[in-house]
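A note on names: the letters A, B, ... follow the listed sequences, proteins ahead of strands, and every chain is numbered from 1. As a basis for the values below, the full set of heavy atoms in this structure was taken, side chains included, without hydrogen atoms, waters or symmetry mates.
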Amino acid sequence: TLSWNCMISGFGQMGNLELARDFFERMPRKNLVSWNSMIAGYEKNGDLEQAIKLFCHMQLKGEKPDRHTLSSLLSVCTELVDMHLGRQIHQRVIKIFIPDVPLNNSLVTMYARCGAIIEARVIFDDMKLQKDVVSWNAMIGGYASHGFAAEALELFGAMKRLKVRPTYITFISVLNACAHAGLVEQGRMHFKSMVTEFGIEPRVEHFSSLVDLVGRHGQVEEAMDLINSMPFEPD
RNA sequence: CUCUCAGCCC
């Protein structure tokens, strides 16, 4: 069963769902990991309906979803922006589990993506000291993508005060927030601090945010200089 | 053996 499961998750990650499903169907004895691997494979490759179908199917077979199952399902809800299903999964998380950080992070992401930014924040705050950098990124990204630049930047400040080290993903959201709000000066500052203070290599996403920001605010020459200074081809 | 955060277009 162990090696069958490896096959399923391996082919699932490669995107070969037909083959993964083939192994899944043929294996003599499935366990919870088999179901989880197959569901995760569908979710990762965007076959969200199949993921939900299999989730229902496993329960009919008497399998009890665990944190891996529910994590995949929350990702499905996030991608579908389906808060109705998301709430149902949330209820099952509450019923089944002792607090789990990745699962709470998924809940934050799901609610944020569905526009329920307050709900996301409640989960986030309830995590207290358990919050990790992913939790911060999820919440900051949620604010940023809904145009709440002030909240995103305030949270970013709080994060740094608590000595949580930002990642390149944090800065993608921070720069997007600045771009959204037209905060040219702050955007430049954060970009610089990303490199000098945190030693993070700027990626194409960072450059495009900053180019967008300064370019839209009349600093066309600076935008061109930025493009020319990029270590990769412009988009 | 499963694994959470940005990354379609606008």
Side-chain angles (χ1 to χ4, degrees), chain A residues 1-14 20 23-24 27 29-46 48 51 54-55 58 63-81 86 89-90 93 97 99-113 120-121 123-124 127 130-147 152 155-156 159 164-180 190 194 200 202-210 212 216 232 235:
Chain A
T1 300
L2 218 71
S3 33
W4 288 82
N5 286 343
C6 284
M7 289 303 190
I8 295 170
S9 67
F11 286 120
Q13 296 185 23
M14 292 172 37
F23 277 97
F24 180 76
M27 68 190 297
R29 302 169 56 85
K30 304 187 220 314
N31 63 11
L32 186 54
V33 177
S34 324
W35 289 92
N36 288 348
S37 303
M38 196 63 231
I39 291 173
Y42 281 128
E43 182 273 316
K44 267 191 162 181
N45 292 282
L48 309 176
L54 211 56
F55 175 64
M58 77 180 276
E63 288 283 0
K64 295 287 173 218
D66 70 353
R67 59 202 173 111
H68 297 284
T69 326
L70 297 177
S71 170
S72 289
L73 261 291
L74 284 172
S75 297
V76 170
C77 299
T78 301
E79 286 184 68
L80 290 173
V81 195
I89 304 297
H90 186 179
V93 169
F97 280 114
D100 178 76
V101 174
L103 215 35
N104 279 319
N105 291 342
S106 294
L107 282 168
V108 170
T109 305
M110 186 277 293
Y111 280 120
R113 183 68 138 252
R121 184 59 187 258
I123 309 263
F124 177 80
M127 291 176 76
Q130 299 219 69
K131 291 195 279 285
D132 64 11
V133 66
V134 174
S135 323
W136 289 92
N137 288 351
M139 196 65 233
I140 292 171
Y143 280 131
S145 63
H146 286 282
L155 211 57
F156 179 55
M159 171 182 184
V164 180
R165 273 195 89 76
T167 65
Y168 78 96
I169 291 178
T170 319
F171 280 100
I172 292 173
S173 298
V174 167
L175 292 171
N176 279 335
C178 293
H180 194 99
H190 288 308
M194 169 173 82
I200 297 172
R203 305 199 183 193
V204 64
E205 295 91 336
H206 301 111
F207 278 105
S208 56
S209 272
L210 194 61
D212 185 62
R216 274 186 208 280
F232 18 66
D235 270 351

Polar atom pairs between nucleotides 3-10 of chain B and protein, under 3.5 Å, N or O only, would you list them?
residue : atom : partner  : partner atom : Å
B/C3    : OP2  : A/Gln13  : NE2          : 3.2
B/U4    : O2'  : A/Ser106 : N            : 3.4
B/U4    : O2'  : A/Ser106 : OG           : 3.1
B/U4    : O2   : A/Asn105 : ND2          : 2.7
B/C5    : O2   : A/Asn137 : ND2          : 2.6

Handout entry: Contacts of type side chain to side chain donor-acceptor pair (under 3.5 Å), residue A/Thr170, not counting sequence neighbours
Key = A/Asn137, A/Thr167
Fill in the blank from the handout: Residues at least two apart in sequence or cross-chain that pass salt bridge (Lys or Arg N to Asp or Glu O under 4.0 Å) with A/Arg203, listed by chain then number, are none
Problem - Nearest-angstrom distance from the residue atom CG of A/Asn5 to P of B/U2 - result: 9 Å
Fill in the blank from the handout: Between CG of A/Asp66 and C1' of B/C1 the distance, given in whole Å, is 13 Å
Exercise for the section: Quick one: list whatever passes side chain to side chain donor-acceptor pair (under 3.5 Å) with A/Arg165, sequence neighbours left out. Expected result: none
Handout entry: side chain to side chain donor-acceptor pair (under 3.5 Å) partners for A/Ser209, two or more places apart
Key = A/Asn176
Problem - Qualifying residues under side chain to side chain donor-acceptor pair (under 3.5 Å), relative to A/Asp212, sequence neighbours excluded - result: A/Arg216
